[in-house]
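What follows is a set of notes on a single structure, which appears directly below.
Sequence lines set the chain letters: A, B, ... in the order given, protein chains first and strands last, and positions in each chain run from 1. Fair warning: this is a prediction, and the values are worked out from it, not measured in the lab.
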Number of protein chains: 2
Amino acid sequence: MQHQKLATIEDVAAIAGVSIATVSRAINEPTKVADETRRRVSEAIARTGYTTNAMARSLRMRRSKMILILAPDVGDPNFSNILVGLETEASKRGYGVLIGNTQNDAARETDYLRFISSNQADGLILFTGHLPYGFGSDGGESRLPPMVAVNEPVSDSDVPFVGVDNFEGARIAAEHLISQGHRRIAFIGHSRSRAVNQLREQGYRAALQGAGIVVDPRLILDGDGTTESGRQATEHMFVRDVLPTAFFCVNDATALGVIISLNARRYDLPREFSVMGFDDISFASFVSPSLTTMKQPRLKIGEEAMDLLLARLEGEPLRRKEVLLRAELIVRNSVGRPRRD
Amino acid sequence: MQHQKLATIEDVAAIAGVSIATVSRAINEPTKVADETRRRVSEAIARTGYTTNAMARSLRMRRSKMILILAPDVGDPNFSNILVGLETEASKRGYGVLIGNTQNDAARETDYLRFISSNQADGLILFTGHLPYGFGSDGGESRLPPMVAVNEPVSDSDVPFVGVDNFEGARIAAEHLISQGHRRIAFIGHSRSRAVNQLREQGYRAALQGAGIVVDPRLILDGDGTTESGRQATEHMFVRDVLPTAFFCVNDATALGVIISLNARRYDLPREFSVMGFDDISFASFVSPSLTTMKQPRLKIGEEAMDLLLARLEGEPLRRKEVLLRAELIVRNSVGRPRRD
DNA sequence: ACGATCCATGAAAACCTTTACATCGGTCGA
DNA sequence: TCGACCGATGTAAAGGTTTTCATGGATCGT
């Protein structure tokens, strides 16, 4: 009962009174077939409800028109919005999108490559920040398909990356704080290892320097980008009693930690302290006070990444190795003018 | 340069010194081939790095081992968590997962069916709440593949549904409020058309009835489940000056509206009013006060739905037409004991 | 010792396209 | 008028599997 046998190209050919080759051409290269013939074929297709069998086509053409998306956590809120962009662009160009949730598990990552090596996918979008395990190193033979990284660049490789311009975004954010009158601005989220954190810190420094403010190293605090790290950094600050008027956080999760900490200490935000985030994740508008932050153009990132990948797949030479999109300042209620003291 | 020609089953056969039929059997039905032969084949496979070409296999087998997921909005936070479950279970059973973002656009929906009619997907998961446009009604011939609905049942159809037990969950939620001492409990989100709202309202009514509380119709307010509707209902309540001690909201989005409205009126929550949500969407823990709510077992819903679908695909008769999973009470800070007045 | 049975394997068909090459009638140019 | 070319179409191969059916040798029971 599964499928009542579907119409094939032969059925269409028989009805239209032509050969299967002509049917194929009528579909794929309409100019190469006479008007009258094309008409008859169209009619036959309509009558049979024919759809070309994608498997047969892929087998013959050696391309599946499918893109595999490898992500460590599909549940990540950051993921879904980029996914919409990826999917939209792919669909627009006749490609399908396959999801691979790796959970940072090497075995699962390797497993997903079966889609590549079995010709089920033509290209790869990487959210993982590294080349898939089990390729290159492992088999050795199986070559990697065209790839584009998103969310996190792939270190030590020439995989093109599409993402937000962290340096510029951070600079804009910090400039916004400065424009509100802040001069003692903390940076929460210093990191030796995370490239994203470093870029954002550089943007912060550039903004301060541009305004003639000298950076106070006691206002630069470590953080790994988690909510907990934001909380800890804030507590640390109060213990040392070197206080800023504004907190520039490496991301929204960190900012949340800062806000929680400040709220717990019964400070009135943003009157007593300003907090600025980065990312504009979904809860940013729900915290109290709602978070002023830099919005990542996630939809656009997805579209751009897919566009880049498909262009490569269709033979265009690689345009750019890195596409950086501008983050947008979203003004909400967590930033105000510093009070005079 | 695309793919340096991959090893085929023939290459393996040649190296192992057997026919391709034997190689195929060695892979798919190992018991049917002699130990020694199997060993030789395995070795040849290892040496060539052979992977079976999924396209050829699908073509021959007439099944792709792919599941298409049709969702109106892939960016919806509700979506991604269910997706993880779907994906996990599918992957465990050797299936792949294809994403179709329809944006409630009939044309896109129809478009995605090409994956079905071209044999690129064997089954369908529906987030949309209705049968895909352009099938059944339209072509007439093309039959629908096995399907399972999730998130929203498909009305007027026999598509099996996997979801949360709304009635039972709402009853538990309302009972929690009652156990805290509330007796004047409002229900925000009455709806003539939405099945989910109705079930939750019934659960609410059942709990009140069970506790011998008579439902005050003035405390039942309309709402379509949006944040704005929650805000409006609350304002409406204050205008009419018939006040509850607790608000039971049809979902978290509505609860957020209620909280915003109460916060704006400078009430101290949960001392003066309690608010209960339903769903446990991601921001629920970030609002202030953090929201006490019923958690949908989203991961489990995804797994269960995929399991049901794959079972059908593999020929098992349909087990159940509806699978309802229990929601879990998550106690946070938006519910307290009513103050005495 | 011989027919029946069984097990391991091989040959070939089928799955449905796309496309290189061949064919055929007609048109154009000289 | 004839050869060259052209445009429309058909023939057949190729793409890589799975699976039915056939084959041949070994084993078993009597």
Return the residues of residues 21-31 of chain B meeting this criterion: a heavy atom under 4.0 Å from some atom of DNA chain D. Order them by number, or give none.
B:Ala21, B:Ser24, B:Arg25, B:Asn28
Nearest-Å distance, [atom1] ([X]) to [atom2] ([N])?
X: A:Ile20; N: D:dT9; atom1: CD1; atom2: C1'; value: 13 Å
X: B:Lys32; N: D:dT19; atom1: NZ; atom2: P; value: 9 Å
X: A:Asn119; N: D:dG16; atom1: CG; atom2: P; value: 9 Å
X: A:Met55; N: D:dA14; atom1: CE; atom2: P; value: 24 Å
X: B:Leu6; N: D:dG16; atom1: CG; atom2: C1'; value: 11 Å
X: A:Arg62; N: C:dT19; atom1: CZ; atom2: P; value: 12 Å
X: B:Leu59; N: D:dT19; atom1: CG; atom2: P; value: 13 Å
X: B:Asp11; N: D:dT17; atom1: CG; atom2: C1'; value: 13 Å

Nucleotide nearest [X] when distance is taken to its side chain, options [options]:
X: B:Val33; options: C:dT9, C:dC16, D:dT17; value: C:dT9
X: B:Met61; options: D:dT19, C:dT17, D:dT17; value: D:dT19
X: B:Val18; options: C:dA8, C:dG10, C:dT17; value: C:dG10

Which residues share a side chain to side chain contact (heavy atoms under 4.5 Å, CB included) with B:Leu310, sequence neighbours left out
B:Ile67, B:Arg93, B:Tyr95, B:Met306, B:Leu313
Salt bridge or not between B:Arg40 and B:Glu43? Use side-chain N to carboxylate O under 4.0 Å.
no
Check whether any side-chain N or O of A:Arg57 sits under 4.0 Å from OP1 or OP2 of C:dT18, and answer yes or no.
yes
OP1, OP2 of C:dA14 versus side-chain N and O of B:Arg60: anything below 4.0 Å?
no
Could you go through residues 149-158 of chain B and list every donor-acceptor pair under 3.5 Å that involves a side-chain atom there, pairing it with any protein atom two or more places apart or in another chain?
| unit_1 | atom_1 | unit_2 | atom_2 | d |
| --- | --- | --- | --- | --- |
| B:Asn151 | OD1 | B:Asn78 | ND2 | 2.9 |
| B:Ser157 | OG | B:Val154 | O | 3.2 |
| B:Ser157 | OG | B:Val159 | N | 3.2 |

Output yes when a side-chain donor or acceptor of A:Asn28 lies under 3.5 Å from a complementary backbone atom of A:Ser24, and no otherwise.
yes
What heavy-atom pair brings A:Ala305 and A:Val162 nearest, and what distance separates the two atoms?
CA-CG2, 3.7 Å
Assign each of B:Thr37 and A:Thr51 the nucleotide of DNA chain C bearing its closest heavy atom; nearer the 5' end lies the nucleotide of B:Thr37
Please round to the nearest 0.5 Å and tell me the distance separating atom CD1 of A:Ile301 and atom CG of A:Leu324.
9.5 Å
Within-4.5 Å side-chain heavy-atom neighbours: A:Arg38 and A:Pro30:
yes
